[in-house]
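Okay, structure first, notes after.
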There are 2 protein chains.
Amino acid sequence: MTSSHQIEIRLNAVIVAVTKEEPRLLVVDDAPTSKHALPFGPFNPAADRTLEQGLRGWVKNQTNLQLGHVEQLYTFGDRGRDTYGQSGSERVVSVGYLALTNEAKPGATTNAHWTNWYDYLPWEDWREGEPEILQREIRPRLSDWFHGLPKTTATAALRQRIHLTFGLKSRTWNEELVLERYELLYEAGLIAEAVRAGRKKFEDPGLGKEMHSDHRRIIATALGRLRGKIKYRPLVFELMPERFTLFQLQRAVEALSGTRLHKQNFRRLIADGGLVEETGSVDLHTGGRPAKQFCFREEVLLERLSPGVKLPGKRRAG
Amino acid sequence: MTSSHQIEIRLNAVIVAVTKEEPRLLVVDDAPTSKHALPFGPFNPAADRTLEQGLRGWVKNQTNLQLGHVEQLYTFGDRGRDTYGQSGSERVVSVGYLALTNEAKPGATTNAHWTNWYDYLPWEDWREGEPEILQREIRPRLSDWFHGLPKTTATAALRQRIHLTFGLKSRTWNEELVLERYELLYEAGLIAEAVRAGRKKFEDPGLGKEMHSDHRRIIATALGRLRGKIKYRPLVFELMPERFTLFQLQRAVEALSGTRLHKQNFRRLIADGGLVEETGSVDLHTGGRPAKQFCFREEVLLERLSPGVKLPGKRRAG
DNA sequence: CTCCTTATACTCAGTTTGAGCATTAATGAT
DNA sequence: ATCATTAATGCTCAAACTGAGTATAAGGAG
């Protein structure tokens, strides 16, 4: 019953920022595979009092980032998820974390750098309308896969699952279903990482940019969680500069949600919600009428139970 | 960098059922302390391909329960959370799971038995109006604690936190904040378990029924998650018998949410939502007009993105 | 048959949304 | 200076959704 095998616990961090209206992600280069990987550190039971402290510890050492909100995402322990450097009975269990920051300068000690989140999950960015890759690649290849499967009782359910998660029928894209979509593509063998699980034809480049191990699954988990959570927690503000215009805020939310929003309604929601307060200053570099600058209104945390940025009616296309 | 210390991973399960309009929880007796504990099993890296399979494995062996929905809750790794049988550098990390079932008969192999969820968190049950313990114990003791603290800049925030999570001011009880309330009571030393962390006066029985280790925190996590999730996932149905009346369904939702709902609106929400379909049969034992029996409409999973039971306007008192 | 009880149906006002039109205040070209 | 251009900001309105009732139906007990 006491199975204290050789288990190593790693703390993976999905460190997110939003810079220039783009959601950014801190990655490191995995030397042996030359793929991008999430930064991680070991959990050191002797030194770290809690898991989160362990995480904050190595992030502080390896980067000089000031982390804001940190939240545990999920613990990944599948066998085979880490195929490299795994010897004998050793098993790596990774605890994934989502961490927000607003400073886009990693420390000098690492080979970490910022990349665009949507490089890895290009089908998730609908800000310029439906991503081309969906029409050109995903739909047909998912369709091929689906029709190549033997017909079983689960076929109808799978069809609907495809339609729901990818919004094929109802025309309603649910931006929160990031993980569900990733998993579907993985099952269909359209994700390069799936080759290790034998689900993919060898040599197929797959969709989106490959990452080390199952790290793309972890960022899918993170994006899905973040997209859900900004609606009821004021997380966006951790990604914003001290003062910002409402439109800049909207752009940040759009960057995360991957959708375009109705400007006037967004403004109404934010203003009425008491999430921000005017600073008195204005931003003159708008190209039009100057925009008032706001800052996050801390007090809202004390007033409301779930002060988040509800997404007002999404707009169609660019 | 390779810190493969002695780490043991345990898989804890919060196994939930709803029986006779009460939310039930499967617990075992922890022999040395004679406290209730969550059942758990070891994660065996050699045998278990995934964490969830490990969990399902030992649950199947130890009980003969048929688990429905299983979801990972959180990974707990604080030092000191397991004060018993912890020798030297060994560290226990627990991955908590929520599992739903509808059969209330644990197997013969264990000392597991079902208890009422609210024994451990009595302040969470508002079905008969505001729980007495809130007025009689919690408010005054929280107040004493708060006023006994040194005044700092964080004082106002703490005050608001108390008011928000316990709905003291706004009269709005948010049933999802289970963990937040537990943590607040813990910090205030009103939870018996807190004695181990030195936050509590020795001999103080604390509020609610004590559990082993930090298991009460885990069930608080589970209840909070479940209360949130039933609103957008059809989880309640896993806790229901095959066929049920709308009122029985309402009672189950009320048992979980700990609130009373407006009957007519609940019915409207469920019916309009296409979550159920008539079976044609009726339940004659209602004490009044017979009630139509319904069953879960599986197809809704294929039609809607987040088919859950939104809670319609909560009713006041009994 | 009448009363009691619960199920089920329908109503209605207040609020929240989705969407678009209108107005304001800068900038740069003429 | 004047005007066209560009955003920011303000306002309106109908449709959808909610909270909270009132009304009716269909059993059982007496």
Side-chain angles (χ1 to χ4, degrees), chain A residues 21 171-173 175 231-232 243-254 257 259-294 304 306-318, chain B residues 21 170-173 231-232 243-254 257 259-294 304 306-318:
Chain A
E21 308 189 352
R171 230 73 300 271
T172 48
W173 179 263
E175 80 281 349
K231 289 170 193 159
Y232 60 95
R243 14 183 87 194
F244 48 82
T245 70
L246 290 185
F247 194 53
Q248 285 166 347
L249 182 66
Q250 180 180 340
R251 285 306 194 201
V253 173
E254 289 175 342
S257 72
T259 61
R260 286 278 178 239
L261 305 174
H262 183 284
K263 192 162 166 176
Q264 297 94 318
N265 290 344
F266 178 81
R267 148 181 309 274
R268 170 174 67 184
L269 228 49
I270 300 295
D272 292 1
L275 283 163
V276 297
E277 61 190 343
E278 296 189 15
T279 61
S281 57
V282 293
D283 181 350
L284 290 166
H285 309 136
T286 57
R289 174 174 174 174
K292 291 183 195 163
Q293 289 186 312
F294 294 79
R304 288 178 40 197
S306 46
V309 179
K310 306 267 187 327
L311 305 194
K314 307 187 186 71
R315 270 196 358 200
R316 37 200 149 303
Chain B
E21 307 189 353
S170 50
R171 231 74 299 275
T172 48
W173 179 263
K231 291 169 190 158
Y232 60 95
R243 14 184 87 195
F244 47 82
T245 70
L246 289 184
F247 195 53
Q248 286 167 345
L249 182 65
Q250 181 180 341
R251 286 305 194 203
V253 173
E254 289 175 344
S257 73
T259 61
R260 285 278 178 241
L261 306 173
H262 184 285
K263 191 160 164 177
Q264 297 93 319
N265 290 345
F266 178 81
R267 151 180 306 273
R268 170 173 66 184
L269 229 48
I270 300 294
D272 292 2
L275 283 162
V276 297
E277 60 190 343
E278 296 188 16
T279 61
S281 57
V282 292
D283 182 349
L284 290 165
H285 310 134
T286 57
R289 173 175 171 174
K292 292 182 195 165
Q293 288 186 313
F294 294 80
R304 286 178 43 197
S306 47
V309 179
K310 306 265 185 330
L311 306 194
K314 308 188 185 70
R315 272 195 357 202
R316 36 200 148 302

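Keep in mind the model is a prediction, meaning the values are calculated, not measured. Just so we're on the same page: letters track the sequence lines, and every chain starts at 1.
- The CZ-C1' distance, from A:R260 to C:dA19, rounds to 18 Å in whole Å.
- Side-chain contact between A:F244 and A:V276 is present, with heavy atoms from C-beta onward closer than 4.5 Å.
- The two residues A:Q250 and A:H262 come nearest to each other via the heavy atoms NE2-C, 4.4 Å.
- If you measure from atom CG of B:L284 to atom C1' of C:dT5, you get 14 Å, rounded to the nearest angstrom.
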Could you list, one pair per line, each protein nitrogen or oxygen that sits under 3.5 Å from a nitrogen or oxygen of nucleotides 28-30 of chain C, together with the distance?
none

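- Annotation: side chain of A:V253 is in contact with side chain of A:F266 (closest heavy-atom distance under 4.5 Å).
- Distance CG (B:L249) to C1' (C:dT8): 16 Å, rounded to an integer number of Å.
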Show me the protein contacts with nucleotides 9-11 of chain D, counting only N or O atoms at under 3.5 Å.
{"residue": "D:dT9", "atom": "OP1", "partner": "A:K292", "partner atom": "N", "Å": "2.6"}
{"residue": "D:dT9", "atom": "OP2", "partner": "A:R267", "partner atom": "NH1", "Å": "3.3"}
{"residue": "D:dT9", "atom": "OP2", "partner": "A:R267", "partner atom": "NH2", "Å": "2.5"}
{"residue": "D:dT9", "atom": "O5'", "partner": "A:R267", "partner atom": "NH1", "Å": "3.4"}
{"residue": "D:dG10", "atom": "O6", "partner": "A:Q264", "partner atom": "NE2", "Å": "3.3"}

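- By the 4.5 Å heavy-atom criterion applied to side chains, B:R251 and B:E254 are counted as neighbours.
- Atom CG in B:D283 sits about 12 Å away from atom P in D:dG28, given to the nearest Å.
- Atoms CG and CD, on A:L246 and A:E278 in that order, are 8.5 Å from each other to the nearest 0.5 Å.
- Side-chain contact between A:V309 and A:I270 is present, with at least one heavy-atom pair separated by less than 4.5 Å.
- Put simply, CZ on B:F294 and OG1 on B:T245 are 8.5 Å apart, with the number rounded to the nearest 0.5 Å.
- The nearest whole Å value for the distance from the NE2 atom in B:H262 to the P atom in D:dC17 is 18 Å.
- The NZ atom of B:K292 lies 13.5 Å from the CD atom of B:E277; values are rounded to the nearest 0.5 Å.
- With rounding to whole Å, A:H285 atom NE2 is found 19 Å from D:dT6 atom P.
- The distance between atom CZ of B:F266 and atom C1' of D:dG19, rounded to the nearest whole Å, is 16 Å.
- In this structure, A:S281 contributes its side chain and A:Q293 its backbone to no donor-acceptor pair below 3.5 Å.
- Comparing B:L269 and A:G288, the nucleotide of DNA chain D nearest to each residue sits closer to the 5' end for A:G288.
- One interatomic measurement links the two molecules: CG of B:D272 to P of C:dT8, which rounds to 14 Å at whole-angstrom precision.
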